[in-house]
Amino acid sequence: MEFDDEAEHRRLFRVETNSPQRKAVFSLEQGGSLPVKTTKNTVIQSFKIVILSNKLNLLLPFGPLAILVHYLTDNKGWFFLLSLLGIAPLAERLGYATEQLACYTGPTVGGLLNATFGNVTEVIISIIALKNGMIRVVQLTLLGSILSNMLLVLGCSFFCGGIVFSRKQQVFDKGNAVLNSGMLLIAVMSLLFPTLLHYTHSEVHAASSDLVLSRSTSCIMLVAYAAYLFFQLKSQPSFLTESEETSDDDEVPEISKWEAIIWLLIFTAWVSLLSGYLVDAIEGASVSWNVPISFISVILLPIVGNAAEHAGAIMFAMKDKLDLSLGVAIGSSIQISMFAVPFCVVISWMMGEQMDLNFQLFETATLFISVIVVAFFLQEGTSNYFKGLMLILSYLIVAASFFVHQDPDQG
């Protein structure tokens, strides 16, 4: 009797029933993950690993310095700049703590953790701004994060990867890229209809129709994002295979599970504190620098918030792992557009605020054109330095446009 590959695998699998390898394979067959070696560190060791091991953490003192400047001077420009610099390493360390925690949870829960905390900095800033009634700042900041990830982060990844591998054409999963492009177009559609309803003056109830449409659309978008996560993590687990096999270091955590949880809470609290000061200083910085609030919200805030993702995506591209680069850049854009934006609409609804999906005509058109450009560059499943350069130049055009754009709500 001949055994096929699957039957032969299962026969060999049962040979050494008490071996650690057998238990590991059994865990994988049952949908689990490989056993993780528990790491225990003292407080000082944990501090050295988490704080002193990353050069970007040299910017951490700018956070307390920003708070000091806030109470000692009235210079909102300097205060805003120092807050931006102080919050940049916190975003990266949040991602690190999440990855360490994911080592103990398996691929499915780990993927959910990364999806939840991937853009927690932007979500925290948005919630604090909503509490202060700064709805327009929330809309512009989230829009800027989407544009930054799609154009700047992806463009730099394509460009750097193309320079390193100039003698060959880099490739990535075309099917997954097309799927992600479709998700971004759905996000644009969700923002486009409330905007068109408002500007065509075709509402049934002039004051409330676009708000009702925005809230119902937001609930639908959250369901769509949940289905997208389920599809990626359960129905199509092969999408995660490469990210799990890229580095053996990720499988051996540097800190214990409880250390990761504690550091995650510490960084989240510190980001929340700095974000409160940052949001309060936006208007003052705009006046001090004579720069439109729309430029600060759409360009400056997202660049700092996405600094860690930016570096990670470029690093993956330079190792010829473009699928991971796309997962960082396009995946973050989908997360913000399909989760963070509707989530903020629902949260504002609960707060009694009236945030809607009408991001204004100029902003919505900018997002629509940017998604179309990115979709065209992704449809072939290949990349090179020229495509990256074009995406970077597209982002510079967007930045220049917002530098001279006076937001009507701030005018």
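Owing to the predicted nature of the structure, the values given are computational and were not obtained by experimental measurement. Note that these values count all heavy atoms, side chains included, but never hydrogens, waters or copies made by symmetry.
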CA sep, side-chain torsions, deciding dist, call: Ser256, Glu259, side-chain hydrogen bond (donor to acceptor under 3.5 Å, both in side chains): CA-CA 5 Å; Ser256 68; Glu259 286 178 74; 2.9 Å; yes

Criterion ring pair (Phe, Tyr, Trp, His ring centres under 6.0 Å) on Phe295 and Phe403, from CA distance to verdict: CA-CA 5 Å; Phe295 181 81; Phe403 189 77; 5.1 Å; yes

Tell me whether [X] at atom [atom1] has more than 12 heavy atoms from other residues, nucleotides or ligands lying less than 6.0 Å away.
X	atom1	answer
Phe193	CZ	no
Phe376	CZ	no
Leu72	CG	yes
Trp78	CH2	no
Tyr385	OH	no

With Asn57 via side-chain hydrogen bond (donor to acceptor under 3.5 Å, both in side chains) - residues at least two apart: none

Counterpart residues, side-chain hydrogen bond (donor to acceptor under 3.5 Å, both in side chains), relative to Gln170 (two or more places apart): Asp320

Whether [X] side chain and [Y] backbone form a donor-acceptor pair below 3.5 Å:
X	Y	result
Ser148	Gly144	no
Ser348	Val345	yes
Gln100	Glu254	yes
Ser145	Thr141	yes
Thr217	Ser190	no
Ser333	Asn149	no
Ser83	Phe79	yes
Arg215	Trp349	no
Ser216	Leu213	yes
Lys321	Met315	no

Audit row: Ile334, Phe339, side chain to side chain contact (heavy atoms under 4.5 Å, CB included) steps and yes/no: CA-CA 8 Å; Ile334 293 174; Phe339 172 73; over 6 Å; no

Give, for atom [atom1] of [X] and atom [atom2] of [Y], the distance between the pair rounded to the nearest 0.5 Å.
X	Y	atom1	atom2	value
Phe62	Leu60	CZ	CG	10.5 Å
Ser275	Ile124	OG	CD1	6.0 Å
Trp258	Leu264	CH2	CG	12.0 Å
Ile296	Leu84	CD1	CG	8.5 Å
Leu130	Cys344	CG	SG	5.5 Å
Met351	Ile127	CE	CD1	6.0 Å

Do you know the tightest heavy-atom contact between [X] and [Y]?
X	Y	value
Ile255	Tyr104	O-OH, 2.6 Å
Leu85	Leu59	O-CB, 3.6 Å
Ser157	Val153	OG-O, 2.8 Å
Ser337	Met221	O-CE, 2.9 Å
Ser214	Asp356	OG-CB, 3.2 Å
Gly77	Trp289	O-CZ2, 3.1 Å

Stepwise side-chain hydrogen bond (donor to acceptor under 3.5 Å, both in side chains) check, Tyr199 with Asp210: CA-CA 10 Å; Tyr199 281 96; Asp210 53 348; over 6 Å; no

Minimum side-chain heavy-atom gap [X]-[Y] below 4.5 Å:
X	Y	answer
Phe172	Leu324	no
Leu278	Phe80	yes
Gln360	Thr195	no
Ile220	Tyr225	no
Leu197	Ser202	yes
Ile330	Leu154	yes
Leu301	Ile282	yes
Gln139	Leu357	no

Derivation of the side chain to side chain contact (heavy atoms under 4.5 Å, CB included) call for Asp280 and Lys76: CA-CA 9 Å; Asp280 289 337; Lys76 296 293 186 181; 5.7 Å; no

Derivation and outcome, ring pair (Phe, Tyr, Trp, His ring centres under 6.0 Å), residues Phe362 and Phe402: CA-CA 10 Å; Phe362 180 83; Phe402 277 98; 5.3 Å; yes

Of Leu396, Val398, Ile303, Leu147, the residue whose pairing with Leu152 passes side-chain contact (heavy atoms from CB on, under 4.5 Å): Ile303

Residue that, paired with Val371, satisfies side-chain contact (heavy atoms from CB on, under 4.5 Å) out of Leu367, Ile369, Val374: Leu367

Residues Met390, Phe377; criterion side chain to side chain contact (heavy atoms under 4.5 Å, CB included); working and verdict: CA-CA 10 Å; Met390 292 303 102; Phe377 281 146; 3.8 Å; yes

N-O pairing of Arg136 and Glu363 below 4.0 Å: yes

Worked verdict on Phe158 versus Asn384 for side chain to side chain contact (heavy atoms under 4.5 Å, CB included): CA-CA 6 Å; Phe158 281 4; Asn384 49 58; over 6 Å; no

